[in-house]
Amino acid sequence: MPDRRSRARAARRLAVFGPAIIVIILGALSYGGLRRTIQMRQLVAHTRSVLQTSTSLLTALLDAETGERGYLLTRDTTFLAPYAGALPRIDSLLSQLRELTSDVPAQQARLDTLSVRAHERMGALANAIEDMRTGKTDTAIGVVAHGPGKHLMDDVRRLVADIDGSEEELLLGRQKNEGRASYILSGLLILGTLVASLLALLVNRNFDRALSDRREALHESQSANERLQEQAIELEYQAEAAQSAAADAEHATENAQRALTAAEESERRAERLQVATEALSGALSRTDVANLIVDQAMAALGAQSGALAALEGDRLCFVAVRGMSALRIGETTVLDDSRPLPAAVLTGQPVVLTGAAAVRERFPIIVPAHVVEGIEALAAFPMESGGRVLGGLVVRFRHPRVLGAVDRSFMNALSRIAAEAFDRARLFDAERDARAAAEAANRAKAAFLASMSHELRTPLQAALGFAQLMRSGLYGPVTDEQAEVLGRVERSQTHLARLIDDILDFARLEAGRVRISLGSVVVADVFDDLAPILEPQAEAKRIVLEVTAPSKQIAARADRHRLQQILINLVGNAIKFTPEGGRVAVDAFDDDARVIIRVADSGLGIPADRLQSIFEPFVQVDSEFTRRASGAGLGLAISRDLARMMGGELTVESEIGKGSVFSVSLPVSDEADRAA
């Protein structure tokens with residue numbers, strides 16, 4: 001029998017562990033085959049990337065050559081768009097090829113030659129374009145017809161063909177290796193399936209044997225049960241003896257139960273204290289904090305009434321009252337030791353009275369009120385935070401009440417947490433009042449600016465009209481000197497009107513009364529309206545104003561009037577702060593998600609520590625030149641606010657002595673905007 005059982009155990013172990021070991025071996029082999037297949041596929045994809053990149057490089061050169069020839073034939077600069085972006089694209093593709101073929105020295109050598117030939121070809125294209133721009137038409141056409149361009153392109157094609165040929169050989173080999181690895185992996189999977197089937201048959205056979213062994217063991221266990229029944233009768237006699245021992249243990253259990261009840265009560269108090277802490281952390285006003293404190297204290301101790309008072313000078317002011325008919329919220333009491341709550345606040349120690357006799361002995365003045373309301377016990381605790389007593393909390397009971405150590409600890413902790421929350425609420429109320437006062441002052445400022453701007457505009461327009469009428473000769477002949485003086489008056493009044501308009505816009509922005517109408521705005525159309533407005537100002541200072549209109553396809557989601565206002569502000573500032581003989585350039589481009597409009601100047605530049613402050617209202621860069629330039633310092637503040645209202649941003653980059661570049665970033669208009 002023992003030998004048979006040993007054989008059965010060995011068979012079960014083999015049935016359990018043998019298939020698992022075989023499956024693990026087959027899994028490891030399959031995993032290796034899978035990794036080999038994935039590696040071969042990655043090599044094939046790498047080779048195809050090299051072929052695709054080399055083809056893109058040749059295409060970029062052909063696009064640049066086509067653009068150059070289109071320009072030479074038509075003199076239309078739009079044909080130069082492929083050429084303009086070809087060189088960065090060629091350099092990027094060459095870098096990609098170098099990285100992809102970094103482990104093949106022969107390919108690296110071909111790339112060295114290919115890079116030289118590509119840059120020589122781009123240089124030849126640039127020379128032809130420059131000749132055409134400078135009027136050397138015959139020279140440019142001659143370069144195309146008889147220049148070295150064809151030889152350079154033939155060299156490029158040959159080098160690309162060599163690279164492609166080498167990579168295609170690698171591709172064929174790697175594809176064969178990939179197929180071989182796939183066949184091996186398929187074979188392993190088929191083998192694993194067959195082995196798994198055989199293992200399943202073996203396991204089923206072993207399970208049949210194990211079932212037979214279990215039946216035999218069941219017969220043996222039935223015999224053992226009969227023996228156990230005989231032993232159970234003997235155990236009954238022993239159980240009677242154990243009952244007497246259980247009676248003794250029952251007394252010990254009762255004692256343990258009382259200890260458990262005390263522990264559970266302590267845990268409930270801790271949970272209630274945590275709930276009170278969470279509730280107080282969300283309360284902001286003094287009234288909310290006070291009500292939460294009183295409610296939590298009464299619920300925890302089973303009190304019938306309670307109150308909380310805040311210390312204000314030498315008096316206590318009641319902020320929350322529950323179930324106390326003789327008290328009202330807002331009522332005050334003197335800070336002395338004739339009553340429980342003032343006494344606790346005055347001494348900084350709790351006052352606990354467990355019955356009516358204790359109340360009569362220590363505070364006889366409050367006995368009549370307690371008799372009316374049926375109060376027999378009370379407890380008062382000071383609220384202390386940071387060494388300062390901020391007030392006190394009192395709870396009252398209609399029956400004698402003894403506060404144990406757990407209750408006192410709970411109330412001390414609740415009073416401390418309440419004091420911190422009460423102090424935080426006081427600070428919050430003060431901050432809210434200060435913020436309300438600041439907002440009211442800000443609204444008054446905006447209203448004052450708007451009112452004064454309106455009041456100033458009417459007489460200013462009248463004065464400007466009279467000056468223009470006088471200079472036109474309506475009121476009589478005007479000498480040249482008088483006309484010059486009147487012209488200065490008109491310019492000064494026009495400048496003042498512009499300042500008033502800026503103040504009005506700023507006041508509207510501050511008051512939130514500026515309305516934005518968003519839609520699809522073609523940036524080129526805005527540029528067309530920009531130049532006629534600002535060219536006279538630039539010509540007066542002999543400044544070159546270059547407005548480069550972008551493609552008609554570039555459209556922003558914006559308010560056209562507000563966008564034009566921003567650009568007039570930015571370009572006007574650039575002209576104003578650029579010395580005579582300088583340059584101001586305006587251009588635009590998009591990056592799929594945003595439209596970027598740039599205004600660059602050759603002015604004095606802005607110090608790095610002032611790049612953010614210049615966008616604040618009434619701020620100008622403090623330098624001798626800017627002090628000579630007029631303005632209220634609102635243009636940039638208004639422009640940035642308008643850009644943000646349209647979902648964009650206004651930023652600046654500047655360096656002392658090298659000028660500044662202001663950039664307006666706006667969302668690209670989607671198809672729905674354009675259709676609308």
> Any donor-acceptor pair under 3.5 Å linking the side chain of Glu331 with the backbone of Arg328?
Replying inline: yes

> Quick one: does Glu373's side chain have a donor or acceptor within less than 3.5 Å of a partner on Val371's backbone?
Replying inline: no

Regarding [X] and [Y], is there a side-chain donor-to-acceptor distance under 3.5 Å anywhere?
X	Y	result
Ser669	Arg557	no
Arg322	Ser305	no
Ser663	Arg598	no
Asp559	Ser517	no

Non-hydrogen side-chain atoms of [X] and [Y] separated by less than 4.5 Å:
X	Y	result
Phe318	Ile329	no
Asp314	Val334	no
His370	Val367	no
Met411	Leu393	yes
Ile375	Arg398	yes
Val661	Val599	no
Phe397	Leu378	no
Thr354	Leu403	no

> Does a salt bridge link Glu384 with Arg416, judged by any charged N lying under 4.0 Å from a carboxylate O?
Replying inline: no

>> Walk me through whether Leu642 and Gln565 qualify under side chain to side chain contact (heavy atoms under 4.5 Å, CB included).
In response: CA-CA 9 Å; Leu642 290 176; Gln565 181 181 354; 3.7 Å; yes

Check [X] against [Y] and note the closest heavy-atom contact, atom names and distance.
X	Y	answer
Val521	Ala558	CG2-O, 3.4 Å
Leu650	Ser639	CD2-CB, 3.8 Å
Leu341	Gly392	CD1-C, 3.4 Å
Phe662	Ile606	CZ-CD1, 4.1 Å
Asp337	Phe363	O-CE2, 3.4 Å
Val294	Ala307	CG2-C, 3.9 Å

Looking at [atom1] of [X] and [atom2] of [Y], how far apart are the two atoms once the value is rounded to the nearest 0.5 Å?
X	Y	atom1	atom2	result
Leu335	Leu316	CG	CG	5.5 Å
Leu301	Arg396	CG	CZ	14.5 Å
Met645	Ile516	CE	CD1	4.5 Å
Asp336	Arg315	CG	CZ	9.5 Å
Leu311	Arg388	CG	CZ	9.5 Å
Gln304	Met324	CD	CE	12.5 Å

> For Glu361, does the CD atom have more than 12 heavy-atom neighbours from other residues, nucleotides or ligands under 6.0 Å away?
Replying inline: no

>> Surrounding CD of Glu649 (heavy atoms of other residues, nucleotides or ligands, distance under 6.0 Å), is the total greater than 12?
In response: yes

> Just one of Val345, Val389, Leu308 clears the side-chain contact (heavy atoms from CB on, under 4.5 Å) bar with Met383, so which one?
Replying inline: Leu308

>> Show, in sequence, the C-alpha distance, side-chain angles and deciding distance for Ile566 and Val664, and conclude whether the side chain to side chain contact (heavy atoms under 4.5 Å, CB included) test is met.
In response: CA-CA 9 Å; Ile566 293 172; Val664 181; 4.0 Å; yes

